[in-house]
4 protein chains.
Amino acid sequence: MSITDKKQAILDTALALFVAQGFHTTTTAAIARQAGVATGTLFHHFASKDALLDYLFLSIKQEFADAIVGSANQSTDLKTNARNLWFCALSWAIANPLKQEFFQLYSMSPTIDPSIRFQAMNTILGFITTLIAAGQQQGLIADYPIGLMQDNCHGQYLAATRYFIDHPQHWQLDEHREASFKLFWNGMAAT
Amino acid sequence: MSITDKKQAILDTALALFVAQGFHTTTTAAIARQAGVATGTLFHHFASKDALLDYLFLSIKQEFADAIVGSANQSTDLKTNARNLWFCALSWAIANPLKQEFFQLYSMSPTIDPSIRFQAMNTILGFITTLIAAGQQQGLIADYPIGLMQDNCHGQYLAATRYFIDHPQHWQLDEHREASFKLFWNGMAAT
Amino acid sequence: MSITDKKQAILDTALALFVAQGFHTTTTAAIARQAGVATGTLFHHFASKDALLDYLFLSIKQEFADAIVGSANQSTDLKTNARNLWFCALSWAIANPLKQEFFQLYSMSPTIDPSIRFQAMNTILGFITTLIAAGQQQGLIADYPIGLMQDNCHGQYLAATRYFIDHPQHWQLDEHREASFKLFWNGMAAT
Amino acid sequence: MSITDKKQAILDTALALFVAQGFHTTTTAAIARQAGVATGTLFHHFASKDALLDYLFLSIKQEFADAIVGSANQSTDLKTNARNLWFCALSWAIANPLKQEFFQLYSMSPTIDPSIRFQAMNTILGFITTLIAAGQQQGLIADYPIGLMQDNCHGQYLAATRYFIDHPQHWQLDEHREASFKLFWNGMAAT
DNA sequence: GATGAATGAGCTTTCATTCAT
DNA sequence: AATGAATGAAAGCTCATTCAT
């Protein structure tokens with residue numbers, strides 16, 4: 001395996017603390033202590049506290065992208081693909097609530113370098129953009145401005161994950177899950 | 001008037017800097033310098049840096065609430081009321097981009113005391129909750145779980161303001177504005 | 001007065017400690033403690049530990065230059081002017097042993113930025129260069145390369161101050177003082 | 001041979017870095033990296049960073065002493081012996097500029113233990129002291145205090161090497177070399 | 001001999017806050 | 001009300017040194 005145990009422990013602890021207390025409120029000493037390593041060890045693996053945050057951000061983004069890639073190409077029916085993508089992305093968020101919260105907190109914050117944030121956004125939004133464009137050509141999705149639809153999808157995804165993370169038991173209920181998809185799809189659907 | 005020039009200068013500068021750099025990255029010395037006052041003056045008007053943030057948060061929330069109150073009661077038609085509320089809220093955001101960004105950044109952040117954040121959220125979401133409940137009773141709005149719909153409305157509002165603040169010229173185009181409302185309304189509409 | 005008491009206390013203490021222990025061995029905490037101020041006060045007056053060193057270096061250089069300026073123009077006789085300059089410079093060093101030691105330690109060290117060091121060197125060596133050139137024109141001083149003579153004068157000055165600072169009582173003896181000037185002058189004198 | 005390649009690489013690199021950046025500014029990690037060895041290797045060969053500095057200092061001192069020993073005894077003429085010693089010492093410095101710079105920087109610095117420095121100084125100044133004393137007995141050298149003359153010789157040697165290391169091409173010119181010796185000798189010569 | 005991940009004491013620097021003026 | 005020099009706890013980070021491999 002390529003990541004040492006100590007490095008992984010630092011990453012896990014940093015994720016938990018950054019989400020629970022915020023970046024600036026979390027001291028490197030606290031991360032090290034709770035990860036069971038010396039303060040110097042943190043800086044042996046990451047050049048700075050900022051670099052640790054960036055690494056966390058990029059690797060979580062990658063993990064998410066890996067999880068949902070392919071979920072939107074399985075069917076010949078576009079709506080089925082959209083549904084698969086939606087539930088695949090939501091499932092990942094519900095299964096990784098800490099990582100989802102991390103994303104929610106830091107994907108908009110000035111704490112992370114804009115260039116890194118934008119790159120991450122675009123990579124992930126790429127999936128949805130492709131899907132929307134295909135849907136518009138097939139006349140299934142309304143002809144609204146693409147930028148607006150992107151932001152809208154993103155906003156709805158954040159809202160849905162927020163809801164299911166705050167109420168995990170509702171994720172078990174078919175009608176709640178279905179409701180979340182309908183909110184998402186009906187907004188965009190051609191009328 | 002009750003707020004001195006210096007106090008107002010501090011508030012304006014703090015808003016700009018908190019949005020541009022984040023709360024922890026902005027020093028009280030920087031706020032004071034850029035506001036043209038001495039460092040001590042800031043603490044003459046606000047008990048602490050946190051108190052300044054809270055004051056900013058609550059007064060902006062109040063300003064927003066004042067701006068949209070009443071916009072959802074003007075018609076007897078629910079959809080018209082929803083449209084009015086939607087455009088009224090968006091208009092305020094577009095007219096006050098800094099304050100909207102501030103809200104976007106801090107209404108979720110652990111930097112502000114949870115009790116203050118929740119109170120603010122509920123006050124503002126109250127408008128929408130009332131509207132949704134009425135719509136469901138009239139059979140105009142789908143019978144999805146109320147919490148999910150609240151989160152969804154909030155997410156769509158954030159997404160739309162994000163879009164129009166990033167592309168201010170599109171706010172002038174009727175079809176873009178209309179598209180934003182359709183995305184919002186059609187998602188929730190009974191089918 | 002333009003320099004506050006605390007700033008002066010920091011400068012005095014830093015001079016003493018930098019000479020006694022060296023720059024890197026002296027902590028800013030030690031300077032502050034011994035100067036009777038808080039650690040923050042040091043950084044209120046100087047941007048960094050390095051800036052403190054630079055300030056010390058440049059102000060001592062200025063003090064020295066002020067002390068010897070004019071000493072080489074009082075007579076019409078060149079050798080008399082040289083003697084006056086020599087004893088004036090030596091007197092300053094004997095009267096300010098700490099500052100002389102500081103100069104000796106840091107005017108060659110990579111700790112201080114080269115540009116600052118060179119500027120300081122040239123300012124002070126300007127006096128001697130003028131004198132040597134005049135002496136060569138009058139046929140009193142040998143026609144050796146000017147750069148070599150500059151370095152030589154500097155080296156002899158450092159050696160003489162070293163000697164008299166290490167043996168202060170010898171500075172009281174006319175023959176020792178005279179010997180130091182003869183070593184200096186006879187080396188350069190035309191033969 | 002007794003010194004391994006890695007140990008020698010460490011010594012060479014340390015010499016270069018200590019001269020270029022100073023002792024405290026040079027990290028053991030930097031030495032190891034630039035020498036192409038692991039950090040642990042440095043401590044396998046030297047007990048500590050200080051021990052490395054001391055080793056460097058003493059071995060360079062020894063090298064210098066070996067180079068000039070014997071150069072002052074070849075003739076029956078004292079001035080000839082002095083000239084030989086002067087040029088021999090200068091030649092070594094010009095041929096080993098890094099080592100000379102190292103000496104210049106560290107033979108006065110509090111970084112090296114005083115006892116080691118003094119011992120080194122005396123060993124080397126022994127040559128010159130003997131020569132001066134003989135010269136005074138023969139009436140060739142002025143009767144100035146011996147300590148003053150020692151410091152003066154040392155200062156002139158440092159000045160001359162400084163000059164020729166900074167202007168290597170001048171070392172090729174007979175008149176520059178001769179001038180350096182005249183400055184040295186005429187200062188001390190009986191009048 | 002050689003490696004380099006790990007250590008943790010100790011450093012410089014920051015910054016919200018105070019208070020005498 | 002306003003000032004800004006002064007404070008000192010606390011932060012991020014460094015680096016000589018160790019030791020299991």
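Values in this document were obtained by computation on a predicted structure and should not be read as measured data.
At F:dA2, none of the side-chain N or O atoms of B:His44 fall inside 4.0 Å of OP1 or OP2 (strictly under the cut-off). For E:dA16, neither phosphate oxygen OP1 nor OP2 lies less than 4.0 angstrom from any side-chain nitrogen or oxygen of B:Ser48.
Between the CG atom of B:Leu17 and the P atom of E:dA16 there is a distance of 12 Å, given to the nearest Å. Atom CD1 of D:Ile31 is separated from atom P of F:dC15 by 12 Å (rounded to the nearest Å). One can place CZ of D:Phe43 at 18 Å from P of E:dT7, the figure rounded to the nearest angstrom. Computed from coordinates, the A:Gln21 CD to F:dA11 P distance equals 11 Å when rounded to whole Å. Between C:Lys7 atom NZ and F:dG4 atom C1' the separation is 15 Å, expressed in whole Å. Rounded to whole Å, atom P of E:dA2 lies 13 Å from atom CD of D:Gln8. The separation between A:Arg33 atom CZ and F:dA11 atom P is 10 Å, rounded to whole Å. Distance CZ (A:Phe46) to C1' (E:dA5): 14 Å, rounded to an integer number of Å.
Toward the 5' end of DNA chain F, the nearer of the two residues B:Thr41 and A:Ala47, judged by each one's closest nucleotide, is B:Thr41. Between D:Ala38 and C:Thr25, the residue anchored nearer the 5' end of DNA chain E, judged by the nucleotide with its closest heavy atom, is D:Ala38. In terms of position on DNA chain E, the residue among A:Gly36 and C:His24 whose nearest nucleotide sits closer to the 5' end is A:Gly36.
Distance from the side chain of B:His45 is smallest for F:dA2 among the nucleotides E:dT7, F:dA2, E:dT12. Closest contact between the side chain of A:Lys6 and the listed nucleotides E:dG1, E:dT7, F:dT3 involves E:dT7.
Taking only distance into account, the side chain of D:Thr39 meets the base of E:dA5 through a donor-acceptor pair shorter than 3.5 Å.
Here the side chains of B:Phe57 and B:Ser107 are in contact, with some heavy-atom distance below 4.5 Å. Side-chain contact between B:Glu63 and B:Asn96: present, with at least one pair of heavy atoms (C-beta onward) separated by less than 4.5 Å. No side-chain heavy atom of B:Arg162 sits under 4.5 Å from any side-chain heavy atom of B:Leu158.
As the counterpart of E:dT21, F:dA2 is assigned, both hydrogen-bonding distances of the Watson-Crick or G-U wobble pattern falling under 3.5 Å. Across all strands shown, the partner of F:dA16 is E:dT7, judged by Watson-Crick or G-U wobble contacts whose two distances both fall under 3.5 Å.
Residue B:Thr26 is classed as a sugar-phosphate contact, given heavy-atom separations below 4.0 Å to backbone atoms only. Heavy atoms of C:Thr28 sit under 4.0 angstrom from at least one base atom.
Looking only at atom types and distance, the side chain of C:Asp50 has no donor-acceptor partner in the side chain of C:Ser48 under 3.5 Å away.
With hydrogens and angles ignored, the 3.5 Å screen pairs a side-chain donor or acceptor of C:Ser59 with a backbone N or O of C:Leu56.
Ring-plane geometry between C:Tyr55 and C:Phe46 is classed as perpendicular, the angle between the planes exceeding 60 degrees on a 0 to 90 degree scale with a lower cut at 30.
Taking the P atoms as reference points, F:dT21 lies 22 Å from E:dG1, given to the whole Å.
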